[in-house]
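Structure record follows, encoded as structure tokens.
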Amino acid sequence: MTSAEIKAAIDSQYPGTIVEREDLADHQVELKGDQWLDMATFLKNDPNLSFDQLECLTGVDTGEDGPLETRYNLHSMEHRHKIEVVISHDRENPKVASIEQLWRIGDWFERETYDMYGIVYEGHRDMRRILCPDDWEGWPLRKDYEGQESYHGIVVPKMKEEDGWE
Amino acid sequence: MTVDMLMDWFATIGDFPILSFLLAVVISGVPLFLVMALNAMVAVYVERKVSAFMMDRIGPMGQGPGLHAGKWGLLQTAADAVKLLVKEDTIPETSDKLLFKMAPFIIFIGAFLGLAAVPFSSVLQVADFNVGVFYIIAVGSIGVIGIVMAGWASNNKWSLYGAMRSAAQIISYEIPAGLSIIIPIMMAGTMNLQEMIHFQEGNVWGILPNWIIFNNPFTFIAFFIFFISAVAETNRTPFDIPEAESELVAGWMTEYSGFRWAVFFLSEYANMLVVSGLAVAGFLGGWQSPIPGMFDTGAWGLFWFMSKLIFLIFVMMWFRWTFPRLRVDQLMHVCWKVFIPIAMFNIFGVGIWKLIFG
Amino acid sequence: MGVVKGDQMILNIGPQHPSTHGVLRLEVMTDGEIVSEIRPHLGYLHRCFEKHSENVTYEQVIPFTDRCDYLAAMNSNFGYVVAMEELMEIKVPERVDYIRIIMGELNRIASHLLALGVYGLDIGAFTPFLYMLRDRERILDMFEYTCGARLLYNYMWVGGVSHDLPKDFEKICIGFLDYFEPQIEEYNNLLTYNKIFVERTADVGVIPADVAVSYGVTGPNLRGSGVKWDVRKDEPYSIYDRFEFDVPVGDGHFGTLGDCFDRYWVRMLEIKESVKILRQALKDIPGGDVHQMLPKKIRPPKGSVYRRTESPRGDLGYYIMSDGTPTPYRVKMRSPAFTALSVLDEVSRGWMISDVIAILGSLDIVLGEIDR
């Protein structure tokens with residue numbers, strides 16, 4: 001199926017969930033986050049769509065005041081078609097349903113995005129940091145991230161604009 | 001035999017039974033220790049070179065006459081030994097210190113005692129027991145106590161795993177090894193190693209030497225079962241599960257360093273010597289010449305014995321650099337479900353054979 | 001009264017351990033030798049690749065990609081430049097495509113050789129490792145001849161490659177292939193058909209196809225489970241659609257479909273396919289320039305792209321987001337080893353500690369890429 005057909009299929013099943021956005025390309029679609037788990041189940045199990053592979057899960061920070069986003073690249077091994085789903089989160093309280101039990105790789109992908117952006121995936125059975133240490137503070141890939149002064153007594157070097165590394 | 005000869009000789013000087021016994025033991029024990037150390041030195045060097053040639057490498061080249069220009073790296077083991085001796089002897093804080101310190105020496109004693117009964121030639125044998133075979137098998141089992149001690153005392157999970165695996169493996173493989181070595185005992189009708197070797201004089205069918213391995217089909221199979229079990233008992237690849245470095249880091253040796261570790265190494269190579277010696281004496285005619293009636297006087301005995309011994313040790317090295325490692329359950333499977341039934345059947349077969357042809 | 005169970009023991013494999021292929025810590029719950037659960041702890045090698053990328057220009061990201069999958073750095077570069085060119089919608093000169101494929105396939109052989117050799121080492125066979133490393137060395141020599149580096153190349157640039165092929169490279173490469181092809185049979189005789197090796201790997205750690213897809217396992221690991229999926233064939237990038245080659249899949253050669261042996265065997269067969277591609281590429285390579293005229297500072301148009309390519313470990317994807325400035329807004333690397341490692345817990349349950357090492361080795365992970 002083409003991206004337009006996939007979007008139409010989503011729209012007919014869950015009317016009004018597609019958010020219109022100018023800056024997204026054809027293969028991308030923004031969905032509202034409140035029904036995400038149901039929609040993801042539909043995307044995976046519908047025989048015409050059957051997105052059985054979660055290729056990639058990317059967190060994006062759209063800027064200082066903008067929302068956070070999670071982008072799911074879905075792919076179907078059976079039909080060999082793909083779609084990119086974008087879901088926006090409130091910056092102060094970012095959360096969305098976890099798809100960890102649908103696509104098992106979502107487990108680690110969501111942990112990674114949680115680690116980097118602080119997006120909480122509700123229903124995830126093991127929501128811990130994965131790459132950073134468990135007691136790391138802050139969400140490193142957010143655009144407004146300020147590094148820690150020190151970590152367990154180790155001074156964290158900061159980059160200065162002109163002088164390079166301190 | 002050496003001990004007995006020395007004691008007889010002391011008896012001609014005067015009547016001090018205890019003193020002469022102690023003297024005789026020390027006089028024959030010191031060269032034995034030297035043999036053990038020399039064996040380890042040579043075997044480590046040979047192992048390095050053999051592995052290197054098998055792997056398309058050149059092996060140690062630097063150390064040796066004219067250091068760093070030496071062609072063969074002959075002093076590599078000496079350099080290793082010096083390194084091990086000057087290394088810090090680390091003892092983990094939480095270990096059981098007494099057991100930790102004792103373990104290497106118990107393993108060493110096990111290997112060393114076994115060496116005493118190995119018949120290097122018709123005269124070169126420290127102690128000629130009437131139960132030589134039984135003795136070697138018995139003292140060989142002492143080592144496993146040391147291994148379990150080392151594994152337990154280290155207070156390290158890898159060591160514990162290694163020790164448990166090792167204990168299970170050595171105890172299991174002693175059964176097929178023991179059942180197979182019964183066959184030379186049945187054939188020769190003695191447990192005395194010298195008498196067993198004397199039994200293997202002459203030839204069969206005019207061409208082959210009258211070694212027990214060539215005596216009948218059952219003994220032929222028994223030799224291989226014994227040898228493979230012996231490899232397993234010395235914890236070498238493909239049975240090096242207790243110290244499998246890709247799984248258990250170094251097994252029960254993980255926490256040891258320096259000299260204590262060197263003692264383990266020494267014992268491992270001495271064990272190889274002992275089990276190969278037993279295989280040679282029991283199945284391959286001991287110090288008998290392969291061409292009956294030729295080259296079998298005086299020092300030739302030592303030469304033939306050592307040649308056979310070195311060949312078997314080389315085969316063990318060959319195994320090590322060729323085979324992957326078995327898994328614990330597969331190892332036990334081979335032992336309990338394959339070797340022991342065959343070994344049992346062998347005993348039965350040899351009995352029938354002796355009844356009909358003997 | 002319930003069933004009497006032996007107390008569980010927690011065993012830490014790593015971070016310093018001979019078989020974790022890097023700095024990985026596995027928290028293994030064991031009952032004796034039997035493993036009941038594995039919790040991998042990652043991040044010991046985390047170097048903030050994605051954060052770094054947001055602070056450097058697009059070209060400066062390339063050396064960072066080298067350091068992610070350091071065993072197949074050419075393929076890491078390749079994935080990034082392919083994604084960048086898709087984002088910028090440019091086409092590179094034909095010679096560049098050929099050179100990239102030659103380098104990518106050579107690096108695939110080198111990476112697979114190391115994977116297979118180290119796998120032998122995990123199982124306990126030392127010798128094959130040295131044989132494979134010997135031949136890998138010759139590939140590294142060719143890389144050194146081409147771009148001066150042996151491990152981290154920074155060879156493929158957006159719009160071109162850093163150096164043209166050196167003099168007589170084609171001849172040297174053909175010479176290597178002629179030497180190398182018979183060696184594959186030698187590896188098989190040394191390791192593959194060894195009874196003990198087969199015993200250790202066949203039927204062990206079976207990943208069923210649906211589990212593999214769900215866990216995002218890709219590359220040889222997925223093909224070992226019998227799924228015919230190869231990005232080079234199914235979503236061709238660069239000029240892979242011009243070459244004739246097969247996609248080997250596992251067939252349960254000695255045991256169950258999707259066991260450790262199948263994953264091993266698929267890699268061995270892939271080496272042969274790479275040789276096929278290399279021979280075709282070396283025959284057809286056209287002349288020409290290897291640099292595309294690009295401005296000094298690349299400014300891709302606003303937008304985002306997700307492009308995956310076939311690295312030796314599987315689907316290597318780059319999610320690149322541009323806001324029109326010379327520095328990337330967001331670079332995300334979807335690393336194949338990351339997804340492959342996530343399946344370890346599922347397939348290792350109920351196996352022994354030795355098998356965990358065998359399964360981990362068969363997944364062929366590179367920690368540099370997992371932790372980024």
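Residue numbering restarts at 1 for every chain, and letters A, B, ... go by the order of the sequence lines. If you're wondering where the values come from, they're calculated on a predicted model, not measured in any experiment.
- Close approach to chain C, defined as a heavy atom under 4.5 Å from one of its heavy atoms, is seen in A:M116, A:Y117 of residues 114-125 of chain A, taken by number.
- Taking CZ of C:F338 as the start and CG of A:L131 as the end, the distance is 6.0 Å to the nearest 0.5 Å.
- Interatomic distance, A:D61 CG to C:M321 CE, rounded to the nearest 0.5 Å: 9.5 Å.
- Residue C:V211: no heavy atom, backbone or side chain, is found under 4.5 Å from chain A.
- Within residues 78-92 of chain A, the residues approaching chain C closer than 4.5 Å by heavy atoms are, in numerical order, A:R80, A:K82, A:E84.
- Within residues 38-49 of chain A, no residue approaches chain C closer than 4.5 Å by heavy atoms.
- A distance of 12.5 Å separates OH of A:Y145 from CD of C:E54, quoted to the nearest 0.5 Å.
- Between chain A and the options C:K51, C:R372, C:H41, C:R308, heavy-atom pairs under 4.5 Å are most frequent for C:R308.
- For C:K228, the NZ atom is densely surrounded, since the number of other residues' heavy atoms within 6.0 Å is greater than 12.
- Among C:S214, C:P40, C:G216, the residue making the largest number of heavy-atom pairs under 4.5 Å with chain A is C:S214.
- How far OH of C:Y215 is from CH2 of A:W108: 9.5 Å, rounded to the nearest 0.5 Å.
- Using a 4.5 Å cut-off between heavy atoms, C:L45 makes no contact with chain A at all.
- For chain C, the nearby parts of A:F109 are the backbone and the side chain; heavy atoms of each come within less than 4.5 Å.
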| said: ring-ring contact (aromatic ring centres under 6.0 Å, His included) for C:W229 and A:H75? Distances and angles first, verdict last. | reply: CA-CA 12 Å; C:W229 168 259; A:H75 174 257; 4.7 Å; yes

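- A 4.5 Å side-chain heavy-atom check between A:L141 and C:E50 finds at least one atom pair inside the cut-off.
- Taking CG of C:D371 as the start and SG of A:C132 as the end, the distance is 10.5 Å to the nearest 0.5 Å.
- The shortest distance between side-chain heavy atoms of C:Y306 and A:R71 does not fall below 4.5 Å.
- Nearest heavy atoms, A:I105 versus C:S342: CD1-OG, 3.4 Å.
- Chain A is approached within less than 4.5 Å, heavy atom to heavy atom, by C:Y329, C:R330, C:K332, C:R334 from residues 324-336 of chain C, ordered by number.
- Distance CG/C:D234 to CE/A:M77: 8.0 Å, rounded to 0.5 Å.
- For A:N73, the part sitting under 4.5 Å from any heavy atom of chain C is the side chain, from C-beta outward, and nothing else.
- Contacts between C:R47 and chain A at a heavy-atom distance below 4.5 Å are absent for every atom of the residue.
- For a residue to count as touching a neighbouring chain, one of its non-hydrogen atoms must lie under 4.5 Å from one of that chain's; by this rule A:R142 touches chain C with the backbone only.
- For a residue to count as touching a neighbouring chain, one of its non-hydrogen atoms must lie under 4.5 Å from one of that chain's; by this rule A:R129 does not touch chain C.
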| task | May I have the step-by-step check of side-chain hydrogen bond (donor to acceptor under 3.5 Å, both in side chains) for C:S304 and A:Q28, ending in yes or no? | result | CA-CA 10 Å; C:S304 66; A:Q28 294 168 316; 2.8 Å; yes

